[in-house]
K.L.:
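Sharing a structure below in structure tokens format, with a few things to ask.
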Amino acid sequence: MLGKGRKVSGRGETAAANYAFGPAEDDIIIKHRLLTRTTTTRGEPPLKKLQRKFTSFVLEVEKDEDNYNDCAKLSKAFLQELSTFEIPLLKSKAVIDANLREKENFNELKDEINRQILQAQTDIEDLKKQLEESKIERKHKEECEAIRKLISAQPPRSETQKSITELEKEIAALEAENTAGSRLLELRKKQFALLLHVVDELQNTIEEEQKSLIEEMRMVTKEQKNGLEDASGGSEAMAVDWLAAASKFCSCKVVYF
């Protein structure tokens, strides 16, 4: 049994390899059969039936016998079959016309949809631009609102002007005070320089007087030593004390000045 099955299967594969058509060829054959109506699922195909009726009518007409009745019957049968065959053709034509109209409507609808798509794309681009412009405008409004809040937080212009005037007055008073202080400082500098100059001259004068006094005292001391060799030690001590007291007095005057 298995061997027979394999044998039959092999024959089927051989037949399929010899007689099978490709998908494209099958579509062409099916399309041709549908158009010519040579294939039907029930009874004889209409075109073959029409051909058979026409052949019978032609053969009956070609006979030499007196067969008008038979020719009339065959002719009527042929015309009836032709009318029967024409009805599906009219239906097919109506379907084709409907399909063509539907195709035209579809093409118009397709064109309309494409136009709407292009219009929608254009509208989207315009809306994008408007959105960007709106963002920029909103940003400017926010900046203006922030500036307005800062301005409103500031005091009125009259108060600000009043404060500026008061500050200008204070600045003018301080400048005048500064000028007066500068003049007074300059005067004090000149007076101090004059005082230092006077002190320097007094110090020089005192030093010269001290030198002169010391020189005179030395001269007097020397004369006393030369003239009074027999003088006592008490007199010499008094002279030395007097000289020391004079030197101390001169030193105290220098420190005071």
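Because the structure is predicted, anything quoted here is derived from the model rather than measured.
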K.L.:
Mind checking who shares a hydrophobic cluster with Leu109, ILVMFWY linked at side-chain heavy-atom distances under 4.5 Å?
P.N.:
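Answer for Leu109: Ile113, Ile117.
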K.L.:
Among residues at least two apart in sequence or on other chains, which ones pass salt bridge (Lys or Arg N to Asp or Glu O under 4.0 Å) with Glu137?
P.N.:
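Glu137 satisfies salt bridge (Lys or Arg N to Asp or Glu O under 4.0 Å) with Lys141 only.
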K.L.:
I need the Ser182 OG to Leu187 CG distance, nearest 0.5 Å.
P.N.:
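If we round to the nearest 0.5 Å, Ser182:OG and Leu187:CG are 12.5 Å apart.
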K.L.:
Sequence neighbours left out, what passes side-chain contact (heavy atoms from CB on, under 4.5 Å) with Lys189? Give chain and number order.
P.N.:
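For Lys189 the side-chain contact (heavy atoms from CB on, under 4.5 Å) partners, ignoring immediate neighbours, are Leu185, Glu186.
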K.L.:
Give me each pair satisfying salt bridge (Lys or Arg N to Asp or Glu O under 4.0 Å) with a member in residues 122-133, each pair once, sequence neighbours excluded.
P.N.:
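Listed once each, the pairs would be none.
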K.L.:
Is there any salt bridge (Lys or Arg N to Asp or Glu O under 4.0 Å) pair reaching into residues 98-122, and which pairs are they, with sequence neighbours excluded?
P.N.:
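The answer is Glu112-Arg115.
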K.L.:
I'd like a table of donor-acceptor pairs (distance under 3.5 Å, sequence neighbours excluded) in which one partner is a side-chain atom from residues 168-181, with atom names and distances.
P.N.:
unit_1	atom_1	unit_2	atom_2	d
Thr179	OG1	Glu175	O	2.8

K.L.:
Evaluate whether atom CD of Gln116 has more than 12 neighbouring non-hydrogen atoms of other residues, nucleotides or ligands under 6.0 angstrom away.
P.N.:
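Count over threshold, so yes.
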K.L.:
Which residues pass the salt bridge (Lys or Arg N to Asp or Glu O under 4.0 Å) test with Lys190, sequence neighbours left out?
P.N.:
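Salt bridge (Lys or Arg N to Asp or Glu O under 4.0 Å) list for Lys190, sorted by chain: empty.
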K.L.:
When clusters are formed from ILVMFWY side-chain contacts under 4.5 Å, directly or step by step, what else is grouped with Leu196?
P.N.:
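When side chains under 4.5 Å apart are linked, the cluster holding Leu196 also contains Phe192.
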K.L.:
Enumerate donor-acceptor pairs with a distance under 3.5 Å from any side-chain N or O in residues 145-164 to protein atoms, sequence neighbours excluded.
P.N.:
unit_1	atom_1	unit_2	atom_2	d
Glu145	OE1	Arg148	NE	3.3
Glu145	OE2	Arg148	NE	3.4
Glu145	OE2	Arg148	NH2	2.5
Ser152	OG	Arg148	O	3.1
Ser152	OG	Lys149	O	2.8
Thr160	OG1	Pro156	O	2.9
Ser163	OG	Glu159	O	3.0

K.L.:
Which residues pass the side-chain contact (heavy atoms from CB on, under 4.5 Å) test with His197, sequence neighbours left out?
P.N.:
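Partners of His197 by the side-chain contact (heavy atoms from CB on, under 4.5 Å) criterion, ordered by chain and then number, come out as Glu201.
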K.L.:
Among Ile, Leu, Val, Met, Phe, Trp and Tyr joined by side-chain contacts under 4.5 Å, find the other residues sharing a cluster with Leu100 and list them by chain and number.
P.N.:
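Reading the cluster by chain and number, Leu100 sits alongside Ile96.
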K.L.:
Is there a side-chain contact between Val199 and Leu195 (heavy atoms, below 4.5 Å)?
P.N.:
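Yes. Closest side-chain heavy atoms under 4.5 Å.
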K.L.:
Just how far is it from atom CG of Leu131 to atom CD1 of Ile124, taken to the nearest 0.5 Å?
P.N.:
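Atom-to-atom, Leu131:CG and Ile124:CD1 are 12.5 Å apart.
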K.L.:
Taking side chain as C-beta onward, heavy atoms only, is Gln210 less than 4.5 Å from Leu213?
P.N.:
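When only atoms from C-beta onward are counted, Leu213 and Gln210 do not touch, as no gap falls below 4.5 Å.
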K.L.:
According to side-chain contact (heavy atoms from CB on, under 4.5 Å), who are the partners of Val95, at least two apart in sequence or on a separate chain?
P.N.:
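Partners of Val95 under the side-chain contact (heavy atoms from CB on, under 4.5 Å) test: Asn99.
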